[in-house]
A.B. asks: 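To start, I am sharing the structure in question, which I have written as structure tokens.
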Amino acid sequence: MFSEKDRQFAADFLERVAKKVSIMAPQIGGNFPYTTNGEWHPKGENADISSWTNAFWPGMLWLMYIKTGDEMYKKFANECEDKLDRALDEFWGLHHDVGFMWSLSAVANYKLTENDRSRDRALHAATLLAGRFNPAAKFIRAWNYGTTYTNSAIIDCMMNLPLLTWAEKYSKEPDPRYSHIARAHADTVLRTFIRPDGSVHHIIAYDRDTGDVVDRIGGQGYDPDSSWSRGQAWAIYGYAMAYLNLGDERYLDAAKKVAHYFIANLEPGKLPLMDFRAPQEPVYYDSSAASTAVCGLIEIAKAVPEFEKPMYERAAMNLLRVLDENCNYDENELVLLENGSGAYHAETSIHRPFIFGDYYLLESLMKLHGNDGRFTIHN
Ligand code: GLY
């Protein structure tokens, strides 16, 4: 169990974060910030309404609504969710990250308000996600373009599976096809992404008829065989949720194995490097890898027996203390968590504030604050 001192730290940290979000909320309203420093999605006529990041802000609004009961948060979250209907209508822009997009908007809304419109949107998105499954090769394809990319899965997709397991329960009749697909994809990732040492690949391309691995692709890390830390964090939290939602001990073991590798690569008092296997210079950190990993570590700590808990709890608390040092509490700046990194080879994306880093920071603090599952809107 987290100590009283840890819980008090987390409670105080949550108050600092919530105060900053309460200042940001009226300025951002029902829009989609990509970073929290004023680079908005959508941008006018050329809006990318299908961006994978579009529900992190409504997700934060729902967490703030749970915490405060303030109707302002609910109003803005509903505005975002209404706007996302255009992504469903346009259809062609959508990809596997419909899981992020509708879990944190419509599913969160439905969990709190039980309104049919949100349930139906989330079921619609889940149906699109299920439709991306390749039944011969047994993976959910990530994107829609390019020969390699249409036959690829990415580690991030572990975070999209909770939409499927949610849909199984909330279809008009319980529909096990959703969890069959989630389980098949999680098994393919287990077999092909997780290396013996606990590190993970970012992107794998498959033969679309046999499921044989045909290529490993670098993605956002240093190279195909490196170790992009946000990818490791997606695996930690994704497999922790797969265990919670599908009940297979192998998924908890996978979450633990990747977590052990992640923890072993942390330097005391520092954010995780954005890639654990890159040249020593330049030094790039990623705060969003830290906040996502904390969510996963908290779930692992809850799932394991008593004497296993302290290692995961200690790692989560150490990361939270570093995250606190990386928060911008200046009330005049529209930025919360600093020093996120987007892609290793895109210099302009290094050490920036990202809305997904903010989201997982707030979610992790809410988990510690409530510790009863009610605050976990991601599963
Ligand atoms: N591929 C989404 C991410 O940046 O984690």
Side-chain angles (χ1 to χ4, degrees), residues 32-37 39 41 48 50-57 59 87 93-104 129 132 139-146 148-150 152-163 185 189 193 199-205 216-224 226-239 241 258 262 271-276 278 284-296 337-361 363-364 378:
F32 302 105
Y34 175 56
T35 78
T36 45
N37 64 352
E39 255 190 56
H41 282 282
D48 181 6
S50 303
S51 169
W52 75 282
T53 61
N54 281 353
F56 292 109
W57 177 240
L94 290 176
H95 36 66
H96 69 135
D97 283 331
V98 294
F100 283 108
M101 292 173 71
W102 278 277
S103 293
L104 303 185
L129 183 57
R132 302 187 72 81
F139 70 94
I140 294 172
R141 81 174 187 167
W143 300 296
N144 308 329
Y145 53 85
T148 307
Y149 288 109
T150 47
S152 296
I154 69 172
I155 193 65
D156 320 29
C157 192
M158 287 304 300
M159 299 293 288
N160 293 319
L161 303 186
L163 182 64
H185 181 84
V189 172
F193 276 72
S199 64
V200 300
H201 290 290
H202 184 188
I203 307 173
I204 301 266
R216 298 186 307 273
I217 302 165
Q220 287 156 267
Y222 174 67
D223 73 19
S226 69
S227 170
W228 174 53
S229 62
R230 192 160 61 253
Q232 322 303 298
W234 293 143
I236 295 170
Y237 195 16
Y239 271 105
M241 288 191 287
V258 183
F262 190 96
L271 289 172
L273 291 168
M274 90 159 290
D275 194 316
F276 293 132
Y284 295 154
Y285 295 106
D286 183 13
S287 56
S288 70
S291 60
T292 304
V294 171
C295 289
L337 181 58
E338 298 187 317
N339 295 316
S341 289
Y344 191 95
H345 296 291
E347 216 175 309
T348 54
S349 74
I350 304 297
H351 297 164
R352 306 275 312 270
F354 288 108
I355 192 68
F356 38 92
D358 293 359
Y359 172 79
Y360 288 107
L361 173 62
E363 185 180 307
S364 68
H378 217 319

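Values below: all heavy atoms of this structure, side chains included; hydrogens, waters and symmetry mates excluded. Nothing here was measured: the structure is a model prediction, and the numbers come from that model. For ligands, and for the atoms within them, numbers begin at 1 and follow the listed sequence.
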A.B. asks: Do His202 and Phe193 have their ring centres less than 6.0 Å from each other?
C.D. replies: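 No, they do not, as the ring centres are separated by 6.0 Å or more.
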
A.B. asks: Hey, what's the ring geometry for Tyr222 with His345, parallel, tilted or perpendicular (30° and 60° as the breaks)?
C.D. replies: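 Ring orientation, 0 to 90° scale: tilted.
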
A.B. asks: Report the part of Trp228 in contact with ligand 1, treating N, CA, C, O as backbone and CB onward as side chain, heavy atoms under 4.0 Å; options are side chain, backbone, both, neither.
C.D. replies: side chain

A.B. asks: So does Ser227 get a backbone contact from the side chain of Asp275, meaning a donor-acceptor N/O pair under 3.5 Å?
C.D. replies: yes

A.B. asks: Parallel, tilted or perpendicular for Trp52 and Phe56, by the 30°/60° rule?
C.D. replies: perpendicular

A.B. asks: Counting from 1, what ligand 1 atoms have a heavy atom of Arg230 closer than 4.0 Å?
C.D. replies: 3 (C), 4 (O), 5 (O)

A.B. asks: Using a 4.0 Å cut-off to any heavy atom of Trp234, which atoms of ligand 1 qualify?
C.D. replies: 5 (O)

A.B. asks: Can you tell me which residue among Tyr237, Trp234, Tyr359 is in a ring pair (Phe, Tyr, Trp, His ring centres under 6.0 Å) with Phe100?
C.D. replies: Trp234

A.B. asks: Using a 4.0 Å cutoff against the non-hydrogen atoms of Trp52, which atoms of ligand 1 qualify?
C.D. replies: 2 (C), 3 (C), 4 (O), 5 (O)

A.B. asks: Please work out which of Asp156, Ile203, Asp97 has its closest non-hydrogen atom nearest to atom 1 (N) of ligand 1.
C.D. replies: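 Ranked by closest heavy atom to atom 1 (N) of ligand 1, first place is Asp156.
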
